[in-house]
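Scroll down for the structure; my scribbles are underneath it.
The shown structure was predicted, so the numbers you read here are calculated from the model rather than taken from an experiment. Computed from heavy atoms alone, side chains included, the values below leave out hydrogens, waters and symmetry copies.
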Amino acid sequence: MIHITLKDGPAQDMASGVTAAQALKDLGMAGDRRVVAAQIDGEAVDLNAPLTRDCTIAPIPVGTPQGLEVMRHSASHLMAEAVRSLFPGVKIAIGPAIEAGFYYDFDAPEPFTPEDLARIEERMGQLVARDLPYERQEMSRGEAIRLFRELNEIYKVELLEEIPQDRVSLYRQGDFVDLCRGPHIPSTGYIGAFKLTGVSGAYWRGDERNPMLQRLYGTAFPTREELERHLELLQEAKRRDHRRLGRELGLFMVDEEAGAGMVIYLPKGALLRSIIEDFERREHLKRGYQMVMGPQMLKVDMWQRSGHWDNYRDHMYFCEVEGQMYGVKPMNCVAHMLIYKSRVRSYRELPLRFFELGTVLRHERSGVLHGLTRVRQFTQDDAHILCTPEQVESEILGVLDFVAEVMAIFGFEYEVELATRPEKSIGADAEWELATNALINALKTRNLPYHLCEGEGAFYGPKIDIKLKDALQRRWQCATIQCDFTLPERFDLTYIGPDGQRHRPVMLHRVILGSLERFLGVLVEHYAGAFPVWLAPVQLILLPITDRVHGYAREVARMLLEADLRVEVDDRPETLRYKIREAQLQKIPYMVIVGDREAADRTLSPRLRDGTEIKGMPLDEFLNRLKEESRVPVVSC
RNA sequence: GCUGGCGUAGCUCAAUGGUAGAGCGGCUGAUUUGUAAUCAGCAGGUUGCGGGUUCGAGUCCCAUCGCCAGCUCCA
């Protein structure tokens, strides 16, 4: 007999070998199909796994992230089975669950077409209907290698040859067998609703030197309704797409004749950007930053000295001027080094915080370009903080707080990642360790949970990356804080300490919004183009009903402009309904109707974006309301 | 850069290898309008660019530029 305890529940003695499913049932958990796996002492296992020792058990319902992952992983096996039965020559690679679904990589002689997708999906439906059990089987590594060799599954053999363990597990359902750790759902019927969502190429093991495989993407949910809701969310993302809204709202464009990845700002986009830039300058000056500006390109020697030549050359543009090679800046740090060096520095003036809205150019590979979020020329809200080693941590804290305050103003939540030393990097181990610890300590001081991303730091130092989450819960890399001990050394930066000796300052690179282009793109999607009043390029539009009131409308517009409000007047000879529709589609916060009645008693009748109508509001009341709403929101963190 | 898909009017999209069309938008005129599209007329294209196959190419082939979904990379 073994003693089994339900997590946060009763316990019972049972015969050794009882399955997890039976144990859960005996402990009062109804054996319904929403439970897809079990957790034994914290480890996820199949429902039909036999229990042979005292343990604590907990159900894994499909409604939890873990349960969903199990079901999707099983769905990927199912997809692989369908593919193998329809396309006999195809070899299987790997097929995990991912954030929004699952995929499986195949080595197929011909790429899959959308029609193939439909056939595969249909076959999967048939297999679900047959409710085939998933069966776990353990064997030695050697046996497994023999098995997959017989099946001519070379990718599985390659994976097996690198597995250190002696025992491996396989899962079978129907005619399909796969090397897999598990756990899986008990049978294919547990897959509620699924859909194949796309095909694309993917390198074997994510390495571009390896052959390219065909990756099939799909997603699965417990119920049809949840799947529908997910697909609806994808539609919503499409409606919010900044590339579409950017054009429709007259914000920006990319012209292939000008160059891929080169953003051209239209009047409203340029206005929006300058509103954000003004905001940034104020926020930085408030926090003790000094504005600086560096040149767009520097002699190539500078880039050799900084290490960019050795580590970043492939991403840089170069040009020759009177026989001298120049590198167009991909980062702003080098000029800031020179500014620091422009005179002798005392410890009394540290920390120095140099801030620049710096426009950089990076040669990104053509395939990665995307709207505003991935471009070749962009402007960073960049700063370099030079300080004593003792000041590093408090400076990092200052930046973390800065990020928190700014993100709250824009209404973003975010997640934090810590990226450590990559393979291709410069600097001494001791410095990397010191810098990494400083970052970790700051995160701990602020109680910020973080994901560790090993080997993903910049070539000159470790970094904290901030992934902000937009209204649709998508994550975007914007803010980053990077420690750098090497650049001050390479440029021989020093300060005179209290002891009269020269010392080496530490440098922090940091951005808050990151790239203004990317941030704008994210902002457009976050607000679906309906910017709050303080950001809206056009805050209100006056809609005169007849020519008779044009004079009054222009007088009101002048008054509002004097009050620094962003106003337009639509005095075209169109109907009111027409003008409202256009203003509504432009997502202007206030549509202000001006007719004979308003002109007579010197009032306005604003209509809000949400359809709310206000009639006969006195001029100064409206002015005060707009002035109030135009202020940068005050938030407390 | 790689894999696959796709480039037709400003936008969204039509056109069995056989004379390039529609809606919206634009322009002109009429309409002076009270909360999401007033009516009429007109203009708009070397089908991304360059080669080729063919009696004939938007359609087929090659190359190139760009876009889209991913991979790799990344603010």
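- Taking A:Arg421 as the reference, A:Asp429 meet the salt bridge (charged side-chain N to carboxylate O under 4.0 Å, His left out) condition, with sequence neighbours excluded.
- You'll find that the side chain of A:Arg365 is closest to B:G1, out of B:U35, B:G1, B:A75.
- Nearest nucleotide to the side chain of A:Val368, out of B:C71, B:A36, B:G7: B:C71.
- If you take atom P in B:A15 and the same atom in B:G21, they sit 14 Å apart, rounded to whole Å.
- Comparing B:A9 with B:C2, their C1' atoms sit 34 Å apart, to the nearest whole Å.
- Across B:U12 and B:G18, the matching C1' atoms stand 28 Å from one another, rounded to whole Å.
- Along RNA chain B, the nucleotide nearest to A:Cys478 and the one nearest to A:Gly206 differ in position, and the one closer to the 5' end is contacted by A:Gly206.
- A donor and an acceptor atom sit less than 3.5 Å apart, one in the side chain of A:Glu598 and one in the base of B:G34.
- Within 4.0 Å of A:Pro111, counting heavy atoms only, lie sugar-phosphate atoms of the nucleic acid but no base atom.
- To the nearest whole angstrom, the two P atoms, one in B:G29 and one in B:C11, are 27 Å apart.
- The partner of B:G56 cannot be assigned: no Watson-Crick or G-U wobble pair with both contacts below 3.5 Å exists in any strand.
- Here B:G34 is the nucleotide among B:U35, B:G34, B:A75 with the atom lying nearest to any side-chain atom of A:Ile545.
- Side-chain atoms of A:Thr219 and A:Arg72, non-hydrogen and from C-beta on, do get closer than 4.5 Å to each other.
- Between A:Lys467 and B:A75 there is no side-chain N or O to OP1 or OP2 distance below 4.0 Å.
- A:Asp207 has a carboxylate O that lies under 4.0 Å from a charged side-chain N of A:Arg209, or vice versa, which qualifies the two as a salt bridge.
- One can place CD of A:Glu582 at 10 Å from P of B:U38, the figure rounded to the nearest angstrom.
- The residue A:Asp207 sits apart from the nucleic acid: no heavy atom pair falls under 4.0 Å.
- Here the separation of B:G7 from B:U19, taken at their C1' atoms, is 24 Å to the nearest Å.
- Using a 4.0 Å cut-off between charged nitrogen and carboxylate oxygen, A:Glu395 and A:Arg510 do not count as a salt-bridge pair.
- For a distance-only test at 3.5 Å, the side chain of A:Arg374 qualifies as a donor-acceptor partner of the base of B:C73.
- No contact: A:Thr113 has no heavy atom under 4.0 Å from any strand.
- Whole-Å rounding puts the A:Phe459 CZ to B:C73 P distance at 17 Å.
- When rounded to the nearest whole Å, the span between CZ of A:Arg244 and P of B:C24 equals 18 Å.
- In this structure, A:Val199 reaches neither bases nor backbone, as no heavy-atom distance under 4.0 Å exists between it and the strands shown.
- A side-chain N or O of A:Gln584 and one of A:Arg607 form a donor-acceptor pair less than 3.5 Å apart.
- Separating the C1' atom of B:U8 from that of B:A20 is a span of 8 Å, rounded to the nearest Å.
- Donor-acceptor pairing under 3.5 Å, judged by distance alone, is absent between the side chain of A:Arg548 and the base of B:U32.
- Nucleotides B:A40 and B:U31 are separated by 11 Å at their C1' atoms, to the nearest Å.
- At whole-Å resolution of the value, CZ in A:Arg362 and P in B:C74 are 10 Å apart.
- By the salt bridge (charged side-chain N to carboxylate O under 4.0 Å, His left out) test, A:Glu454 is found to be paired with no residue, residues two or more places apart in sequence or in another chain being considered.
- Contact annotation for A:Glu574: base contact, defined as any heavy-atom pair under 4.0 Å involving a base atom.
- Between the C1' atoms of B:C24 and B:U16, the separation comes to 29 Å (whole Å).
- Taking atom CG on A:Leu213 and atom P on B:C71, their separation rounds to 13 Å, with Å as the unit.
- Checked against B:G70, B:U35, B:A75, the side chain of A:Met212 finds its nearest nucleotide in B:G70.
- Pairing for B:G17 is absent, judged as Watson-Crick or G-U wobble with the two contacts each under 3.5 Å.
- Within the nucleic acid shown, A:Lys238 has no heavy atom closer than 4.0 Å to any nucleic acid atom.
- Between A:His363 atom NE2 and B:G1 atom P the separation is 7 Å, expressed in whole Å.
- Separating the OH atom of A:Tyr312 from the P atom of B:C74 is a distance of 8 Å, rounded to the nearest angstrom.
- Nucleotide B:U12 is matched to B:A22 when pairs are restricted to Watson-Crick or G-U wobble geometry with both distances under 3.5 angstrom.
- Judged by distance alone with a 3.5 Å cut-off, a donor-acceptor contact links the side chain of A:Tyr203 to the base of B:G1.
- For A:Ser200, the side-chain atoms get nearest to B:G70 when compared with the rest of B:G70, B:U38, B:U72.
- The aromatic ring of A:Tyr217 does not stack onto the base of B:G70, failing the criterion of a centre distance under 5.5 Å from the six-membered base ring together with planes under 30° apart.
- Contact between the side-chain N/O atoms of A:Arg247 and the OP1/OP2 oxygens of B:U12 is found at a separation under 4.0 Å.
- Each of B:G34, B:C65, B:G1 was ranked by its minimum atom distance to the side chain of A:Glu256; first place goes to B:C65.
- When Watson-Crick and G-U wobble pairs are counted only if both distances are under 3.5 Å, B:G66 pairs with B:C6.
- Pairing for B:U31 is absent, with no Watson-Crick or G-U wobble pair whose two atom distances lie under 3.5 Å.
- When distances are taken from the side chain of A:Arg581 to each of B:A36, B:A75, B:G26, the shortest belongs to B:A36.
- In this structure, A:Val511 and A:Arg215 both approach RNA chain B, and ranking their closest nucleotides by distance from the 5' end singles out A:Arg215.
- Counting atom types as modelled, A:Glu364 pairs a side-chain N or O with a base atom of B:A75 as donor and acceptor under 3.5 Å.
- Relative to the side chain of A:Leu576, the nucleotides B:U35, B:C71, B:U3 differ in distance, and B:U35 lies closest.
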Please assess A:Lys463 against A:Asp465 for the test salt bridge (Lys or Arg N to Asp or Glu O under 4.0 Å), listing each intermediate value before the final yes or no.
-> CA-CA 6 Å; A:Lys463 58 179 183 171; A:Asp465 280 337; 3.4 Å; yes
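- Side chain to side chain, A:Ser605 and A:Arg597 fail the donor-acceptor criterion of an N or O pair below 3.5 Å.
- Looking at A:Phe402, A:Phe354, A:Phe279 one by one, the single match for ring-ring contact (aromatic ring centres under 6.0 Å, His included) with A:His284 turns out to be A:Phe402.
- A:Asn332 has its CG atom 11 Å from the C1' atom of B:A75, to the nearest Å.
- Here A:Val360 lies out of heavy-atom contact (under 4.0 Å) with every strand.
- Residue-level contact check: A:Arg243 touches the backbone only, with heavy atoms under 4.0 Å from sugar-phosphate atoms and none from bases.
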